[in-house]
Chemist: 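Attaching a single structure in structure tokens format; questions to follow.
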Amino acid sequence: MKKNFFKVNSDEELYERLLDENARYTFPLPETAPVCRPNGVEFIYQQYEIAPYAAGIPTCTLPYDSLENLFTVTMKPLIESTTDSLALTYNPIVKR
């Protein structure tokens, strides 16, 4: 989020852009469930969830290999079988 969405380098700069000052201690997960994309897991925050409306809709995609140790036994086979067509079929957010 810090580098890809907010385009800042330091934690302090990130904290200045967030609505909740407690986010510096425990960065909140989005209310919306993460989406499995072909290139990783995408986290999508709604307007006003972590940043003001003017910031837009904060999103962040984390590559699967960086999250591999966090996946459950059930999730691992799903990730391994994810392809472009599967992600497009089961993801209602993607425009066709």
Side-chain angles (χ1 to χ4, degrees):
M1 292 298 292
K2 180 171 47 177
K3 292 181 181 177
N4 293 331
F5 183 79
F6 289 105
K7 310 280 191 241
V8 296
N9 293 318
S10 73
D11 288 346
E12 279 305 314
E13 289 175 296
L14 173 65
Y15 302 146
E16 290 172 6
R17 287 168 171 72
L18 300 176
L19 289 176
D20 185 3
E21 66 182 51
N22 292 321
R24 71 177 48 229
Y25 307 108
T26 57
F27 199 86
L29 288 172
E31 292 294 321
T32 306
V35 179
C36 291
R37 302 272 192 212
N39 59 334
V41 178
E42 183 175 31
F43 296 88
I44 305 167
Y45 291 87
Q46 300 304 310
Q47 296 166 342
Y48 297 109
E49 196 169 353
I50 61 169
Y53 180 86
I57 298 177
T59 63
C60 177
T61 303
L62 300 177
Y64 291 118
D65 58 351
S66 69
L67 300 171
E68 189 174 10
N69 294 335
L70 302 174
F71 293 145
T72 63
V73 174
T74 306
M75 184 67 172
K76 286 183 181 184
L78 294 174
I79 297 305
E80 291 169 2
S81 68
T82 299
T83 63
D84 290 350
S85 61
L86 180 63
L88 291 173
T89 302
Y90 293 106
N91 186 353
I93 296 175
V94 174
K95 295 180 183 175
R96 296 175 190 204

Chemist: Taking all non-hydrogen atoms of both residues into account, name the closest pair between T32 and Q46 and its distance.
Modeler: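 So the minimum-distance heavy-atom pair works out to OG1-NE2, 3.2 Å.
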Chemist: Which atom pair, heavy atoms only, marks the closest approach of P28 to I50?
Modeler: CG-CG2, 3.7 Å
Chemist: Which heavy atom of A55 sits nearest a heavy atom of A51, and at what distance?
Modeler: CB-CB, 3.8 Å
Chemist: Can you check whether R37's main-chain N or O pairs, donor with acceptor, with Y64's side chain at less than 3.5 Å?
Modeler: yes
Chemist: Once the angle between the rings of Y45 and F27 is folded into 0 to 90°, is it parallel (under 30°), tilted (30 to 60°) or perpendicular (over 60°)?
Modeler: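 Ring orientation, 0 to 90° scale: perpendicular.
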Chemist: For the residue pair E16 and L14, establish whether any side-chain heavy-atom pair is separated by less than 4.5 Å.
Modeler: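 No, their side chains stay 4.5 Å or more apart.
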Chemist: Which atoms form the tightest heavy-atom contact between Q47 and I57, and what is the distance?
Modeler: CG-CG1, 4.0 Å
Chemist: Heavy atoms, side chains only, cut-off 4.5 Å: are P58 and F43 in contact?
Modeler: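 They are not in side-chain contact.
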Chemist: Which heavy atom of T59 sits nearest a heavy atom of M1, and at what distance?
Modeler: O-SD, 3.6 Å
Chemist: For E49 and L29, which heavy atoms make the closest approach, and how far apart are they?
Modeler: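 What the structure gives for the nearest pair is OE2-O, 4.0 Å.
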Chemist: Could you tell me whether the side chain of N39 reaches within less than 4.5 Å of the side chain of P63, counting heavy atoms only?
Modeler: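 When only atoms from C-beta onward are counted, N39 and P63 do not touch, as no gap falls below 4.5 Å.
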Chemist: Can you measure from OH (Y15) to CZ (F6) and round to the nearest 0.5 angstrom?
Modeler: 12.5 Å
Chemist: Report the distance from atom OG1 of T26 to atom CG of D20, rounding to the nearest 0.5 Å.
Modeler: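 The CG atom of D20 is 8.0 Å from OG1 of T26, to the nearest 0.5 Å.
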Chemist: Would you call F71 and V41 a side-chain contact if the rule is heavy atoms closer than 4.5 Å?
Modeler: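 A side-chain contact under 4.5 Å exists here.
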